[in-house]
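Shown next, in structure tokens, is the structure this report addresses.
Residue indices begin at 1 and follow the sequence shown.
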Amino acid sequence: MSQPIGRPALLGLLWLTLLLCAIWALRQGVYSLSWAEWWQALHSPGATSVATQVVWELRLPRLLLAALVGAILGLCGAAMQGLFRNPLADPALIGVSSGAALASVMVIVLGSSLAFVPENAFWLRPLAGFLGGVAVTWFIYRFASRYGRTDIGVMLLAGVAVNAMAGAGMGLMSYLASDQALRQLTYWTLGSLSQADWAQVGLLLPVLIGALLGLMRYARALNLFLMGDRVVTHLGLSLPGMKRAVVLWTALGVGAAVSVSGVIGFVGLVAPHLVRLLIGPDHRWLLPASALMGACLVVVADTLARGLAAPAELPLGIIMAAVGGPFFLWLLWRHLRGGLLGGPHA
């Protein structure tokens, strides 16, 4: 069956779309910039003008952080869907993002009371998010897998339970939190990039590069995994090793993204599925294209979050939920009609 668009052409189109979205995002905001001011500010990072400070201190780090968060969530969503062999899997939907967020929130509320935690340990929150993501991902996978098959119904129900437990944990942390920590918790639960800075960009960039390179090593194995565990084993590939590596890279990416942006749902569901509709399930192309699609989605959503209620700002998680919720219902409708998976197992 021929594809409506070539795979290299789609990657080029996504790069161009991301560039156009970036230009649009840099010009949008409460402080309006003309084309001349925007262009001059972009080429003079050391200047002291208001336009230069707006671009380099506020909008550019936020734009890059939005692109990095979206790319990581799209990439990890595609990898998780390949691991579960089901396009309904999503890091937020099955509780991975909530687990990472709960671990990060516990660091915010309880970290200062722990004697072994040094002050200003910027690495602690991403590390906690990673460990929380690993724990939840592995639990969901083991809980929903029987005899080499993953039951999508069990996976989704387990995700509902994990999200509920994580929500209860974050509620407890809210009860124990100080006023300052409570404001940060609101930021985490709704998802936002309002606190973006260059340090967070520097944190996520190597995570994205590492996750992309790490997961691309298993792109062929994920393709074979779609045909069943036995195919992978008969070809001499280490099935447990592949699963562990995908789980760890996915948890690292999601944990790091959640540690700087809070919970942003549905990016890992929508981005890979849109790409899969265009170029098919080949993970050699699906993984990088999903990263680019996720970056485009979050950049657009964050720009809308900044502009729809200006000068106030809507939480980014609300924007993505408004888009992703109906999209997920459409996927479920296709599933019930037998057009998506053809059955309850993957």
Less than 3.5 Å apart, which donor and acceptor atoms pair up between the side chains of residues 314-326 and the rest of the protein, not counting sequence neighbours?
none

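- Taking the side chain to side chain donor-acceptor pair (under 3.5 Å) definition, one finds that S194 meets it with S192, sequence neighbours left out.
- Separation of atoms CG (L193) and CG (L64) is listed at 11.5 Å; rounding is to 0.5 Å.
- Considering only heavy atoms from C-beta on, T52 comes within 4.5 Å of S49 through its side chain.
- Taking the six-membered ring where the residue is Trp, the centroids of W35 and W38 are separated by under 6.0 Å.
- The aromatic ring centres of H283 and Y218 sit 6.0 Å or more apart.
- Atom-to-atom distance recorded for L176:CG and L110:CG is 7.0 Å, nearest 0.5 angstrom.
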What verdict does the side chain to side chain contact (heavy atoms under 4.5 Å, CB included) test give for W249 and L75, after you've listed the backbone C-alpha separation in whole Å, the side-chain angles of each residue and the deciding distance to 0.1 Å? CA-CA 10 Å; W249 281 117; L75 171 68; over 6 Å; no
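- Sorted by first and then second residue, the salt bridge (Lys or Arg N to Asp or Glu O under 4.0 Å) pairs involving residues 277-290 (not counting sequence neighbours) are R7-D282, D282-R284.
- Between the side chains of Q81 and R276, at least one donor N or O lies within less than 3.5 Å of an accepting N or O.
- Checked against side chain to side chain donor-acceptor pair (under 3.5 Å), N163 has the following partners two or more places apart in sequence or in another chain: S98.
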Could you go through residues 18-27 and list every donor-acceptor pair under 3.5 Å that involves a side-chain atom there, pairing it with any protein atom two or more places apart or in another chain?
residue: R27; atom: NH2; partner: L33; partner atom: O; Å: 2.9

Return a table of donor-acceptor pairs under 3.5 angstrom between the side chains of residues 292-303 and protein atoms on other chains or two or more places apart.
residue: D302; atom: OD1; partner: R62; partner atom: NE; Å: 3.3
residue: D302; atom: OD1; partner: R62; partner atom: NH2; Å: 2.9
residue: D302; atom: OD2; partner: R62; partner atom: NE; Å: 2.9
residue: T303; atom: OG1; partner: V299; partner atom: O; Å: 2.7

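- No side-chain heavy atom of F84 sits less than 4.5 Å from a side-chain heavy atom of F225.
- Within the 4.5 Å cutoff, no side-chain heavy atoms of D197 are placed close to those of P61.
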Would T250 and V96 satisfy side chain to side chain contact (heavy atoms under 4.5 Å, CB included), going step by step from the backbone distance to the final call? CA-CA 9 Å; T250 300; V96 179; 5.6 Å; no
